[in-house]
Amino acid sequence: MIETFLDDLNPAQREAVLHTEGPLLVLAGAGSGKTRVITRRIAHIVARKLAKPSHILAVTFTNKAAEEMRDRVGELVGAKTAQDIMLTTFHAFCVRVLRAHIHRIGYRKDFSICGEGDARTLVRRILGDLDGVRETFSPQRLQSAISLHKNGCDRPPPFPVDDKIPADTEAKYRAWLPEFIGRYQSALRAANSLDFDDLLALTLELWRKEPDLLAKFQQHYRYVLVDEYQDTNRIQYDLLRAIAEPRRNLCVVGDDDQSIYGWRGAEPAHILAFDRDYPDARVITLDQNYRSTETILSAANAVIANNAERRAKNLWSTLGAGRPIEWIVAGDEEHEARAIMQWLTHIQKKTDAACGDFAVLYRSNLQSRPIEMALRQAGIPYVVVGGQEFFERAEVKDILAYLKLAANPRNETAFLRVVNVPRRGIGDAALHRIHDLCGNGSLSIWDASLQAVRRGLVEKNAAAGLESFHRIIETFRKRFRQPDAPLRAIAEDLLDAIAYRAEIGRTSRTPQQFEQRWGNAEAVLRAIEIHEQSAKAPSLAGFLDENALDGDDDRQSREKRREDAVTLMTIHSAKGLEFPFVFIAGCEEGLIPHDRSLRENGIEEERRLFYVALTRAKRHVTVFEALARNRFGRICMTKTSRFLGEIPSELVRRRVLAAREMVESAMTPMKTKPRRKRRPRPLA
DNA sequence: AGACCCAGGTTTTTT
DNA sequence: ACCTGGGTCT
């Protein structure tokens with residue numbers, strides 16, 4: 001039994017599995033069987049009875065990764081045993097800890113989790129109260145500054161590089177930022193909400209302030225494993241160190257060359273410094289690749305060798321040389337798209353490959369348009385991965401806001417979103433009055449609104465509206481709290497109580513739109529039902545936690561990927577995946593490396609991104625380049641990405657479908673295409 | 001409340 | 001070129 005976990009491992013993998021005691025760093029190159037090592041290692045610990053399954057903590061970054069890992073571990077040790085392992089994301093783990101213990105540091109246990117969108121709304125609102133700064137700093141920029149700050153990022157938050165901003169503004173900005181963060185925090189606090197970063201930061205704070213509690217966790221988790229270690233940020237790193245401290249059975253697995261989330265606060269430095277922090281750490285490098293041809297690996301190795309900040313490693317495989325990398329030069333992006341379509345068709349004819357064997361990768365989502373058009377015209381099925389629409393839809397947000405209020409009436413964002421949906425005659429005047437009552441934030445907007453009614457501070461109409469709103473929330477708060485409450489049924493009642501179907505009807509312009517939007521509402525109900533059926537202890541709070549942490553991953557996208565269709569996605573979303581045939585579109589300076597990223601994060605992260613793209617391929621890579629590209633409505637000549645030049649030329653076959661001079665000369669006269677006038681919107 | 005217009009910006013996006 | 005957000009007008 002035990003031997004079977006080791007049989008099909010190479011010596012390095014085997015050592016990584018067997019080295020269970022003490023700190024271990026596994027440098028796992030792309031395609032080197034990283035997941036296999038982690039799952040076997042867990043199975044080994046369980047089978048050898050080194051610890052109970054529940055004493056193992058395995059952390060991933062995404063829910064998807066956690067699920068997959070649980071499945072794979074389940075295949076080895078049985079699904080039932082796999083259930084007991086604490087195998088989750090950082091954030092989900094912290095939510096668990098906080099839901100149980102956060103009262104010890106003065107927070108309420110029924111806090112809401114404030115997603116990225118809600119947080120942005122909050123930033124906007126605070127910014128709205130402040131005069132004179134709104135013009136200079138975008139909410140997005142501030143949000144990312146806040147996040148980097150909260151994650152204990154060492155470097156200063158990026159300051160907008162912009163000629164229009166006078167030189168002394170940066171100093172002012174830096175001086176002012178802490179105050180802004182303070183306001184943001186107290187707004188969150190008043191709303192009894194935590195953002196994603198708080199989940200991590202407060203867990204750490206909790207552990208620091210309550211050493212006895214930390215000790216219990218340390219006692220409990222005997223083995224700690226981390227996947228995608230190159231993506232950890234400062235706080236995550238501190239959390240890991242804290243919990244693994246006494247036993248030091250900390251195993252981290254990652255690849256510094258695939259660190260592509262620096263802009264998110266990930267610090268690849270951690271992987272480079274691991275054996276400085278743990279001098280006795282065993283370091284194992286997995287460099288045998290089981291995925292790609294030797295040609296692909298040589299190209300990838302050559303490219304990444306240009307990075308200085310890395311641990312040197314060279315991937316190798318025994319899968320044969322394979323075919324040279326194809327480099328196709330097209331005229332503009334539409335030409336490129338057609339070339340992609342034709343080349344794909346050509347390969348299919350030669351190899352019998354299915355559509356699902358192809359991925360078209362690009363740096364930026366806007367590149368997908370022309371490619372989609374070309375594929376559609378040719379009748380080639382495709383799926384575009386990415387985009388986060390579902391949870392952005394108004395209906396979905398509305399319903400979730402009601403549910404969030406039922407779980408935590410203090411949730412200010414949710415309150416403001418639906419207090420007047422459907423219309424209850426609560427206008428700006430009433431809301432201002434209420435807002436004034438909140439004062440410095442000591443009173444939540446919910447309580448303030450109660451008081452406003454009680455003290456007759458708002459006009460009759462608004463007061464009546466507020467009272468009915470209060471009643472609905474209170475009613476459903478109670479109902480949801482009943483033990484074994486039928487969540488879906490209650491949620492349906494809630495929609496009835498606010499006549500939401502009619503509301504959608506009223507605000508839809510066409511029957512199709514109505515169907516679509518009501519369909520979204522039903523999708524939320526279905527999601528609740530799924531939670532009800534699959535969760536160990538279903539609850540409203542549990543459902544909301546799951547959804548807050550599960551971003552936009554409605555299961556559809558996952559299932560869609562299975563279908564036989566060409567996959568279109570950004571390189572970022574391709575991390576961790578593999579395809580027989582990979583096309584990389586838009587290999588031009590400015591796109592990859594992206595010029596803005598170049599400015600803010602430096603060249604090396606962009607190079608890693610290109611490296612990730614190359615190493616997704618099993619059999620063959622084709623890189624595409626357009627000589628001219630539409631940029632912000634202007635046609636511009638492009639320059640070949642420097643990364644293409646870094647691939648040894650003997651590995652590449654270049655085909656030029658468009659001559660530079662032709663493209664250049666075609667550019668000047670054709671600036672005015674007959675422009676279609678925009679018609680007035682056709683009514684239903 | 002809803003329609004309309006203009007200005008600004010425009011990379012990636014695990015949770 | 002295109003979308004978003006905010007402001008204004010009806």
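These values consider heavy atoms only, across backbone and side chains, with no hydrogens, waters or symmetry-generated copies. Naming: A, B, ... by sequence-line order, numbering from 1 per chain.
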Face-to-face contact [X] to [N] six-ring, under 5.5 Å, under 30°:
X        : N      : answer
A:Trp263 : B:dT12 : yes
A:Phe632 : B:dT10 : yes
A:His572 : B:dT12 : no

Task: Geometric class of the A:Trp263/A:His572 ring pair [parallel <30°, tilted 30-60°, perpendicular >60°] - done: perpendicular
Task: Candidates B:dT14, B:dT11, B:dA1 - which lies nearest the side chain of A:Phe61 - done: B:dT14
Open item on the list: Of the listed nucleotides (B:dT14, B:dT13, B:dA1), which one gets closest to any side-chain atom of A:Ala266?
Closed with: B:dT14
Open item on the list: Within the 4.0 Å heavy-atom criterion, would you say A:Tyr261 contacts the bases, only the backbone, or no part of the nucleic acid?
Closed with: base
- [ ] Pick base, sugar-phosphate or nothing for A:Asp227, based on heavy-atom distances below 4.0 Å to the nucleic acid.
- [x] nothing
Expressed as a whole number of angstroms, how long is the span from [X]:[atom1] to [N]:[atom2]?
X        : N      : atom1 : atom2 : result
A:Leu366 : B:dT11 : CG    : P     : 8 Å
A:Asn601 : B:dT12 : CG    : P     : 13 Å
A:Glu503 : B:dG2  : CD    : P     : 9 Å
A:Glu67  : B:dT14 : CD    : C1'   : 14 Å
A:Gln258 : B:dT12 : CD    : P     : 20 Å
A:Asp231 : B:dT13 : CG    : C1'   : 12 Å
A:Asn63  : B:dT13 : CG    : P     : 17 Å
A:Asp595 : B:dT10 : CG    : P     : 12 Å

Hey, does the side chain of [X] come within less than 4.0 Å of [N]'s phosphate (OP1/OP2), counting only N and O?
X        : N      : answer
A:Asn365 : B:dT10 : no
A:Thr570 : B:dT13 : yes
A:Arg423 : B:dA1  : yes
A:Ser573 : B:dT13 : yes
A:Arg363 : B:dT12 : no
A:Arg596 : B:dT10 : yes

Open item on the list: Could you check whether any side-chain heavy atom of A:Thr88 comes within less than 4.5 Å of a side-chain heavy atom of A:Thr60, counting everything from C-beta outward?
Closed with: no
TODO: Report yes if the side chains of A:Leu225 and A:Val253 come closer than 4.5 Å at any heavy-atom pair, otherwise no.
DONE: no
Open item on the list: Within a 6.0 Å radius of atom CZ on A:Arg369, are there more than 12 heavy atoms belonging to other residues, nucleotides or ligands?
Closed with: no
Open item on the list: Taking the nucleotide of DNA chain B with the nearest heavy atom to each, does A:Ile426 or A:His594 sit closer to the 5' end?
Closed with: A:Ile426
Task: Electrostatic pair A:Arg629-A:Glu333, nearest N-O below 4.0 angstrom - done: no
TODO: Considering only NZ, NE, NH1 and NH2 on the basic side and carboxylate oxygens on the acidic side, decide whether A:Lys639 and A:Glu588 come within less than 4.0 Å.
DONE: no
